[in-house]
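Working notes for the structure below.
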Amino acid sequence: MSERAKFATRLGVITATVGSAVGLGNIWRFPYESGMNGGAAFIFVYIACVFVMGIPVVVAEFIIGRGTHKNVSGAIKTLSPGGKWHLIGWGSIVASLMILGFYSVVCGWIMDYLFAALRGGLHGNSADFAKMLTSLSGSAWRAPMWTVIFLFVNFYIIQRGVQRGVEKAANLLMPILFVLLIAFCVNSLMLPGAGQGLKFLFSPDFSKITPDVVIEAMGQAFFSLSLGLSCLLTYSSYFSDKARLVRSASIIAVLDTLVAILAGVMIFPAVFSFGVAPQGGPKLVFEVLPAIFQQMPGGYVWAVLFFLLMFFAALTSTISMSEISISFFCEEYGFSRAKASMLSTTIALVLGVLCALSFGVLSGCKLMGMTLFELFDYVSSNILLPLGGMFFSLFVGWRVERRIVDSQLTNNGTVNVRTRRVLLVCIRYIAPAAIFVVMVFGLLK
Ligand code: PHE
């Protein structure tokens with residue numbers, strides 16, 4: 001890249017980063033994770049993780065990215081010359097491609113549902129949709145085919161340079177997604193037996209909080225905020241020097257959490273009303289959502305709109321995942337954007353197809369009791385992202401010169417950040433310690 005890109009507007013800074021954060025993590029992963037981990041108890045721990053670890057790590061990534069206007073490796077080399085810390089960049093690349101691999105499988109399912117919705121073919125009850133998804137995900141050609149098609153769409157956008165396209169699309173689409181979610185929530189709340197779903201979501205039974213629940217909630221917080229992978233670091237390297245880091249980080253965290261909770265309010269009343277088991281796992285949303293649409297007047301249009309927006313929400317996230325490796329290969333190794341996009345897409349294609357097959361042909365191939373899809377999801381979200389987050393906060397807290405940290409937080413002393421001290425304590429001590437403790441208890445239990 002000869003001249004380094006920048007987001008054009010202040011709004012673009014927010015919508016592009018929120019576009020990265022809001023995705024399948026909120027609408028697909030959050031509901032099934034809460035369903036499998038006790039509902040309200042999980043949500044309670046999740047919100048605690050967003051505040052104690054999430055916001056401080058977002059700010060830490062922003063300080064590194066905006067402070068240097070470089071990709072992850074280049075940024076760390078600039079801030080800590082001569083050290084080997086920049087090798088963490090490779091960790092980010094590996095984790096981002098793993099996530100891109102399994103994420104694209106779900107994006108592929110969404111495309112299949114979108115086309116079924118367009119054809120008017122989404123009929124039946126949640127048991128029928130459960131069958132539909134089992135046949136789709138288990139198929140040796142349909143699921144991999146959609147995964148490949150999705151990755152080609154992603155490739156088409158990233159190789160063109162995303163700034164204007166993504167920024168514009170995100171500006172338009174994110175608000176629509178929000179309004180649609182609210183419409184679906186209202187509908188779901190009017191179903192018979194909706195109260196039980198709300199109870200499951202909002203009345204915590206603290207005895208359900210186990211080390212497993214805590215590590216899943218932390219992993220979900222990192223995944224949903226796109227944290228620990230240097231994704232926000234990379235995006236913030238495109239911020240202007242006027243962008244306010246702490247304010248942007250707070251807006252992202254609040255909006256992302258709000259969308260996740262709305263998704264929960266949309267799904268769980270319906271889960272209980274239709275008698276589906278809340279522990280359904282990754283397939284939950286696909287079984288329950290189409291059944292909600294049928295209850296609504298004009299269900300055809302709602303279904304199409306919904307899957308279309310899910311598709312865009314997912315796409316703004318996969319673009320941000322891809323940008324990590326692209327900026328890395330372009331700036332560190334002098335690749336052209338086209339070549340870097342091709343490289344990361346090729347790796348994602350291989351991983352994606354393997355993950356797509358892990359519900360069918362490869363369902364017997366297990367490592368540590370997990371299929372490849374489950375393994376990638378578990379290892380990246382619950383281990384690699386928190387480790388990355390711990391590194392970024394320790395790096396900013398202890399290694400980056402305090403003068404740089406302060407000038408980034410306050411835009412060279414021009415904005416007054418009242419939470420500065422608390423934030424620094426969180427970045428230096430609380431966030432890394434909390435991540436460490438959760439990982440030790442969660443993984444070594
Ligand atoms: N935050 C995205 C989501 O919720 C997923 C993501 C993870 C994107 C990591 C980028 C990096 O869907």
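Note that ligands are numbered from 1 as they come in the structure, with each ligand's atoms numbered from 1 the same way.
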From the candidates Phe30, Tyr103, Phe223, the one that places a heavy atom nearest atom 12 (O) of ligand 1: Tyr103
Classify the ring geometry between Phe373 and Trp28 as parallel (under 30°), tilted (30 to 60°) or perpendicular (over 60°). perpendicular
For ligand 1, is there an N or O atom under 3.5 Å from any N or O atom of Gly25? yes
With heavy atoms only and a cut-off of under 4.0 Å, state how Ser226 meets ligand 1: side chain, backbone, both or neither. both
Atom 2 (C) of ligand 1 [closest protein heavy-atom partner, distance rounded to 0.1 Å]: Ser20 O, 3.2 Å
Please list, in number order, the atoms of ligand 1 under 4.0 Å from a heavy atom of Ser224. 1 (N), 4 (O)
Do Glu331 and Asn71 have a side chain donor and acceptor closer than 3.5 Å? yes
Parallel under 30°, tilted from 30 to 60°, perpendicular over 60°: which one fits the rings of Phe272 and Phe200? tilted
So the atoms of ligand 1 within less than 4.0 Å of a heavy atom of Gly23 turn out to be 3 (C), 4 (O), 12 (O)
Say whether Ser104 and Asn154, considering side chains only, have a donor N or O and an acceptor N or O under 3.5 Å apart. no
Looking only at side chains, do Ser20 and Ser226 share a donor and an acceptor under 3.5 Å apart? yes
From the options Thr316, Leu229, Leu385, select the one whose nearest heavy atom is closest to atom 9 (C) of ligand 1. Leu229
Per-atom contacts, ligand 1 versus Leu24 - under 4.0 Å to a heavy atom: 12 (O)
For ligand 1, which atoms, with element, lie under 4.0 Å from some heavy atom of Ser320? 10 (C)
Which residue supplies the protein heavy atom nearest to atom 4 (O) of ligand 1, what is that atom called, and how far is it? Ala21 O, 2.8 Å
Can Phe222 be said to touch ligand 1, with heavy atoms closer than 4.0 Å? no
Indicate whether the side chain of Glu33 and that of Tyr46 have a donor and an acceptor atom separated by less than 3.5 Å. no
Between Glu332 and His86, is there a side-chain heavy-atom distance shorter than 4.5 Å? no
Does one side chain, of Asn26 or Asp256, offer a donor that lies under 3.5 Å from an acceptor on the other? yes
